[in-house]
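Bear in mind the structure is a predicted one, so any value in this text is a computation, not a measurement. Read the numbers this way: they start at 1 and go in the same order the structure lists the ligands and their atoms.
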Amino acid sequence: MRSYYIHTYGCQMNGYDSERIAATLESAGMFSAASPDEAELVILNTCSVREKPQHKVESHVGKLRQNQINAGLPLKIGIMGCVAQQEGDNFLKRFPYVDFVLGTDNIDMLPYALNEIASGKRLSETAMYGDGKFHILPFERKDSVSAYVTIMKGCDNFCSYCVVPYVRGREKSRSQREILDEVKRAVHSGVKEIVLLGQNVNSYGKGIPDETGFAGLLRSVAETDGVCRVRFVTSHPKDFSEEIVRIMAYHPNICPCIHMPLQSGSDEILKKMNRGYTYSGYRDKIVAAKEILPDILFSSDFILGFPGETDEDFEHTFDAVREIEYEMIFAFKYSVRPGTKAELFKDNVPDEVKTARLQRLIEAQERIISKRYEKMIGAKLRVLADGVSKRGGNVYTGRTEHNRVMNFRSDSPVKQGLIVDVRLTEVKRNSLYGELNK
Ligand code: 5AD
Ligand code: SF4
């Protein structure tokens, strides 16, 4: 087995895990295939947060099998990530042509799994670490201007709809030393932007007496030589404190945007979701943050059609989106997850109502964004350049401090990793356009 291909579903943490998986496979002498059809090993790094991604995995496995038969190839298939964690052995039983299943805490077992499957065995391992600390072994990164760094994983919040506490386990944090070493290594290999990852970053260090909390970690990362930008996801509204915003205000290299999911604007629904805050408590935190750092913008996730969500509940969500004026929203139709508390509630909002609410929310958000950016035409935005755009020629691409894609013209070459001030000239649905030299 020499060539591999990894399909990544879901969140940034899976993206980070896929980088670790790739690095492990390369240390074992394998190389990345240009397409799954050319690979001898295909790994699906899966997501189970909503039903749809889970279905996708199941149909994907079936397709891989079909291709394998058609091409007569000796393909090996591995399932990793959250569906693997949830299904474990079950997956081996249901899909006899799957060779291994490794859970979210078992990436380091990959070399062992490769040995086993090379001798024709099949295996499944989903054991999880306990609470407290966890470690990630150093790994080689691909060239990039931006790097994810996982700082904590798991979640102790048990929102009633969410499968994460079951598939990623209890909250566990890496030591600050291990994280800063990884940041320094990333910077050394050319990375300019560090994205700190955790299901609930504000809980970083909880339960580890000799660790600083998230605020201390954020400060240390921002002060590390060569770190030009820092972002972090995800913040839980219940644990979010002004201390973080003060550190952001003091360190201009921390991007002034925070992903802090509201999920619903209705207090009734928030209670049923077990979110631990009310809409007014959430809004007060945002108002206080804006007093400290006026440029700060927020992004949020929303679930539409949670059990019992009435038209009135939805109107509260709709009003919240208009009031907060988010920089970005991610909206999802509610989907029942096995083993969660909400599985016991009746999923009683019809699918077409969920769809209609989803569309209304997204349209409202699009209006807010086009208004915000139309007003900014002519202004200069700080962009971290990421090389020549797909259009080629003298058009470059990069990301603004608020993580929007900006395509911009420049008369002279713009090196990847440079931060430049780009004048905004045009606003389109998914990206911004600008000029560097005029
Ligand atoms: N149904 C729909 N959306 C969900 N999310 C989490 N669980 C569910 C579910 N059962 C959404 C939440 C979360 C995001 C990552 O996925 O909005 O913030
Ligand atoms: Fe899931 Fe809630 Fe934890 Fe987020 S905070 S991962 S939504 S349980």
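Counting heavy atoms of neighbouring residues, nucleotides and ligands inside a 6.0 Å radius, atom OH of Tyr112 does not exceed 12 of them. For Lys56, the NZ atom counts as loosely surrounded, since its 6.0 Å shell holds 12 or fewer non-hydrogen atoms of other residues, nucleotides or ligands. By the 6.0 Å contact criterion, CD on Glu140 is open, its count of non-hydrogen atoms from other residues, nucleotides or ligands being 12 or less.
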CA sep, side-chain torsions, deciding dist, call: Asp239, Ser203, side-chain contact (heavy atoms from CB on, under 4.5 Å): CA-CA 7 Å; Asp239 304 320; Ser203 295; 3.7 Å; yes
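For atom 7 (S) of ligand 2, the closest non-hydrogen atom of the protein is Tyr161 OH, 3.2 Å.
With Arg275, Arg337, Gln263 as candidates, the residue nearest to atom 4 (Fe) of ligand 2 on a non-hydrogen basis is Arg275.
Not counting sequence neighbours, the partners of Thr24 by the side-chain contact (heavy atoms from CB on, under 4.5 Å) test are Leu110, Pro111. Every residue two or more places apart in sequence or in another chain that forms a side-chain hydrogen bond (donor to acceptor under 3.5 Å, both in side chains) with Asp301 is listed here: His259.
A donor-acceptor pair shorter than 3.5 Å cannot be found between the side chains of Tyr282 and Gln263. Between the side chains of Ser389 and Thr397, no donor-acceptor pair is found at a separation under 3.5 Å. There is no side-chain donor-acceptor pair under 3.5 Å between Ser299 and Glu327. Looking at Thr278 and Asp267, their side chains never bring a donor and an acceptor atom within 3.5 Å of each other.
Protein residues lining ligand 1, listed by chain and number: Val49, Arg50, Tyr161, Gln263, Asp301, Ile303, Phe332, Lys333, Tyr334, Ser335, Arg337 [non-hydrogen atoms, distance under 4.0 Å].
Looking at every heavy atom in both residues, His402 comes nearest to Arg231 through C-NH1, 4.4 Å.
Counting only protein atoms, the N, O or S atoms lying less than 2.8 Å from atom 3 (Fe) of ligand 2 are Cys155 SG, ordered by chain and residue number.
Heavy atoms of Arg168 stay at 4.0 angstrom or farther from ligand 2.
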